[in-house]
Colleague: 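Here's a structure for you.
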Amino acid sequence: KRYKAELSAVTQLRRYVEKIMVSKGISEVRGILAAPSITDNAKKMLEDWGYEFKQVNPPKYLEDYGKKQKKLDGF
């Protein structure tokens, strides 16, 4: 994720993991959520389901992207 991971990111990861387990016919898949930060509730849910959180930061060139991007009201 590019921003703080929330509960929706954890449930999305769970769906992905379950889909991979079914499609590949395997019983063990390692779920890792990578984001700059995570909410406390999301971290708890992640740990309850046996998944991991890894803190990563987007490349520096992406930090200014949102500031330079035009918004719809700018047209």
Side-chain angles (χ1 to χ4, degrees):
K1 298 296 178 181
R2 291 191 299 171
Y3 306 106
K4 182 180 273 194
E6 298 178 348
L7 293 173
S8 61
V10 180
T11 56
Q12 181 183 39
L13 175 63
R14 185 174 182 159
R15 287 193 308 271
Y16 290 162
V17 167
E18 289 174 350
K19 205 151 202 71
I20 289 171
M21 290 170 72
V22 169
S23 68
K24 300 291 183 183
I26 53 180
S27 60
E28 257 185 69
V29 175
R30 186 175 173 193
I32 302 172
L33 181 60
S37 62
I38 188 168
T39 64
D40 291 338
N41 289 341
K43 187 161 178 68
K44 170 93 171 79
M45 182 185 285
L46 201 64
E47 292 167 354
D48 287 348
W49 286 345
Y51 302 143
E52 302 171 50
F53 171 72
K54 297 292 181 186
Q55 184 177 14
V56 295
N57 291 311
K60 291 286 184 193
Y61 70 87
L62 290 178
E63 288 181 2
D64 292 334
Y65 183 73
K67 297 173 187 169
K68 295 177 184 173
Q69 188 174 15
K70 289 187 178 194
K71 303 207 183 315
L72 288 176
D73 59 356
F75 289 97

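Atoms considered below: every heavy atom in the structure, side chains included; atoms not considered: hydrogens, waters and symmetry mates. Bear in mind the structure is a predicted one, so any value in this text is a computation, not a measurement. We're numbering straight along the sequence, starting at 1.
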Colleague: Got a sec, which residues hit side chain to side chain donor-acceptor pair (under 3.5 Å) with Asp40, two or more places apart in sequence or on another chain?
Modeller: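 Counting only residues at least two positions away or on another chain, Asp40 forms no side chain to side chain donor-acceptor pair (under 3.5 Å).
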Colleague: Please assess Ile38 against Lys1 for the test side chain to side chain contact (heavy atoms under 4.5 Å, CB included), listing each intermediate value before the final yes or no.
Modeller: CA-CA 10 Å; Ile38 188 168; Lys1 298 296 178 181; over 6 Å; no
Colleague: Pick from Leu7, Leu33, Ile32: which one makes a side-chain contact (heavy atoms from CB on, under 4.5 Å) with Leu46?
Modeller: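 Passing option: Leu33.
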Colleague: Could you tell me the separation between the CG atom of Leu13 and the CD atom of Glu18, rounded to the nearest 0.5 Å?
Modeller: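 Nearest 0.5 Å value for the CG-CD distance: 10.0 Å.
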Colleague: Has the side chain of Gln55 got a donor or acceptor atom that lies under 3.5 Å from a matching backbone atom of Ser37?
Modeller: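 Side chain of Gln55 to backbone of Ser37: no pair is present.
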Colleague: Are Tyr51 and Arg14 close enough that some pair of their side-chain heavy atoms sits under 4.5 Å apart?
Modeller: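 In short, these two side chains touch, coming nearer than 4.5 Å.
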Colleague: When you group the ILVMFWY residues by side-chain heavy-atom contacts below 4.5 Å and let the links chain together, are Trp49 and Ile20 in the same group?
Modeller: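 Yes; Trp49 is reachable from Ile20 via cluster members.
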Colleague: What heavy-atom pair brings Tyr3 and Ala35 nearest, and what distance separates the two atoms?
Modeller: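 Result for this residue pair: O-CB, 3.6 Å.
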Colleague: Any donor-acceptor pair under 3.5 Å linking the side-chain atoms of Tyr16 with those of Gln12?
Modeller: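 Judged by distance alone, the side chains do pair up.
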Colleague: Please tell me if the side chains of Glu52 and Lys54 come closer than 4.5 Å, counting only heavy atoms from C-beta onward.
Modeller: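 Yes; the side chains approach each other to less than 4.5 Å.
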Colleague: Please determine whether residues Ile26 and Val17 belong to a single hydrophobic cluster, defined as Ile, Leu, Val, Met, Phe, Trp and Tyr linked transitively by side-chain heavy-atom distances below 4.5 Å.
Modeller: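 Yes, Ile26 connects to Val17 through the hydrophobic network.
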Colleague: Verify the cluster assignment for Val10 and Met21: are they in a single hydrophobic cluster under the rule of side-chain heavy atoms below 4.5 Å apart?
Modeller: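 Yes; Met21 is reachable from Val10 via cluster members.
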